[in-house]
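Since the structure is predicted, the reported quantities are computational estimates derived from the model, not experimental observations.
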Amino acid sequence: MGVVGIVATMKVQAGKEAEFEKVFKDLQGKVKANEPGCLQYDLCKLKSDPQTYIIMEQYESQEAVDKHGKSEHFQAAFPALGATLDGAPDLKFVDRLD
């Protein structure tokens, strides 16, 4: 199996954008430093809706995805991220075609 991608769309509560970005950027640094199987972990914001964020992730394998979800830094950050959200994240799993 090839590279596994995730496109996560997250709607953030009005006024909590800066808090969401701060928590995510801290998590992003820890992911990049500690997860060699993570090939991409980027945060984007919709131009048309500044409360909607897209996280683009790529992992070398499903095992790397599983390790990410179970990592101490992800488990620690997720409640803080969740507290800023306006609804559940929308996750789409994709296969990269080379």
Side-chain angles (χ1 to χ4, degrees):
M1 187 172 207
V3 171
V4 178
I6 302 171
V7 178
T9 303
M10 299 187 179
K11 177 86 170 176
V12 174
Q13 297 171 42
K16 296 208 172 183
E17 298 89 350
E19 181 182 348
F20 174 84
E21 290 177 24
K22 180 181 183 294
V23 173
F24 182 84
K25 287 179 182 178
D26 180 63
L27 173 60
Q28 182 182 46
K30 290 175 180 171
V31 168
K32 289 186 175 186
N34 296 294
E35 295 184 40
C38 180
L39 308 173
Q40 179 185 20
Y41 202 69
D42 294 325
L43 181 64
C44 303
K45 186 189 293 193
L46 286 186
K47 287 182 181 266
S48 61
D49 181 358
Q51 287 175 250
T52 300
Y53 293 83
I54 307 289
I55 301 168
M56 296 189 294
E57 307 173 45
Q58 290 187 66
Y59 299 88
E60 65 183 12
S61 65
Q62 183 60 48
E63 181 183 8
V65 174
D66 296 342
K67 284 183 181 178
H68 169 70
K70 294 175 183 169
S71 69
E72 185 176 313
H73 47 268
F74 181 80
Q75 294 290 325
F78 197 74
L81 287 173
T84 67
L85 297 182
D86 185 11
D90 175 40
L91 303 178
K92 299 214 180 341
F93 292 82
V94 299
D95 291 323
R96 187 175 80 189
L97 304 177
D98 292 325

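Partner of Gln58 under the side chain to side chain contact (heavy atoms under 4.5 Å, CB included) criterion, out of Val3, Val4, Val94, Asp42: Val3 alone.
Criterion: ILVMFWY side-chain heavy atoms under 4.5 Å apart, direct or through other members. Under it, Leu27 and Phe78 are part of a common hydrophobic cluster. Leu43 and Leu91 fall within the same hydrophobic cluster, where Ile, Leu, Val, Met, Phe, Trp and Tyr residues are linked whenever their side-chain heavy atoms come under 4.5 Å apart, directly or through other members.
The minimum heavy-atom distance linking Pro36 with Asn34 is given by the pair CD-O, 3.4 Å. Closest approach of Gly37 and Ala64 over heavy atoms only: O-CB, 3.7 Å. In plain terms, the two heavy atoms of Cys44 and Met56 that are nearest each other are SG-CE, 3.5 Å. Nearest heavy-atom pair across Val23 and Ala77 is CG1-O, 4.0 Å. Nearest heavy atom pair, residue Glu17 against residue Tyr53, reads CB-OH, 3.2 Å.
Using a 4.5 Å heavy-atom cutoff, the side chains of Leu85 and Phe20 are in contact. Counting heavy atoms from C-beta outward, Tyr59 and Lys67 have side chains that stay 4.5 Å or more apart. Put simply, the side chain of Gln51 does not reach to within 4.5 Å of the side chain of Gln13, judged on heavy atoms. Side-chain contact check for Val31 versus Gln28: every heavy-atom pair is 4.5 Å or farther apart. Within the 4.5 Å cutoff, the side chain of Met10 has no heavy atoms near those of the Phe24 side chain.
Thr9 pairs by the side-chain contact (heavy atoms from CB on, under 4.5 Å) definition with Thr52, Ile54, Asp90, not counting sequence neighbours.
Checked for salt-bridge contact, Lys30 and Asp26 meet the test: a charged N lies under 4.0 Å from a carboxylate O. Using a cut-off of 4.0 Å between Lys/Arg side-chain N and Asp/Glu carboxylate O, Glu21 and Lys45 are scored as salt-bridged. Using a cut-off of 4.0 Å between Lys/Arg side-chain N and Asp/Glu carboxylate O, Lys11 and Asp49 are scored as salt-bridged.
Atom CD1 in Ile55 sits 7.0 Å away from atom CG in Leu81 (nearest 0.5 Å).
Residue pairs satisfying the side-chain hydrogen bond (donor to acceptor under 3.5 Å, both in side chains) criterion with at least one member in residues 70-80, sequence neighbours excluded, are listed as follows: Glu35-His73, Ser71-His73.
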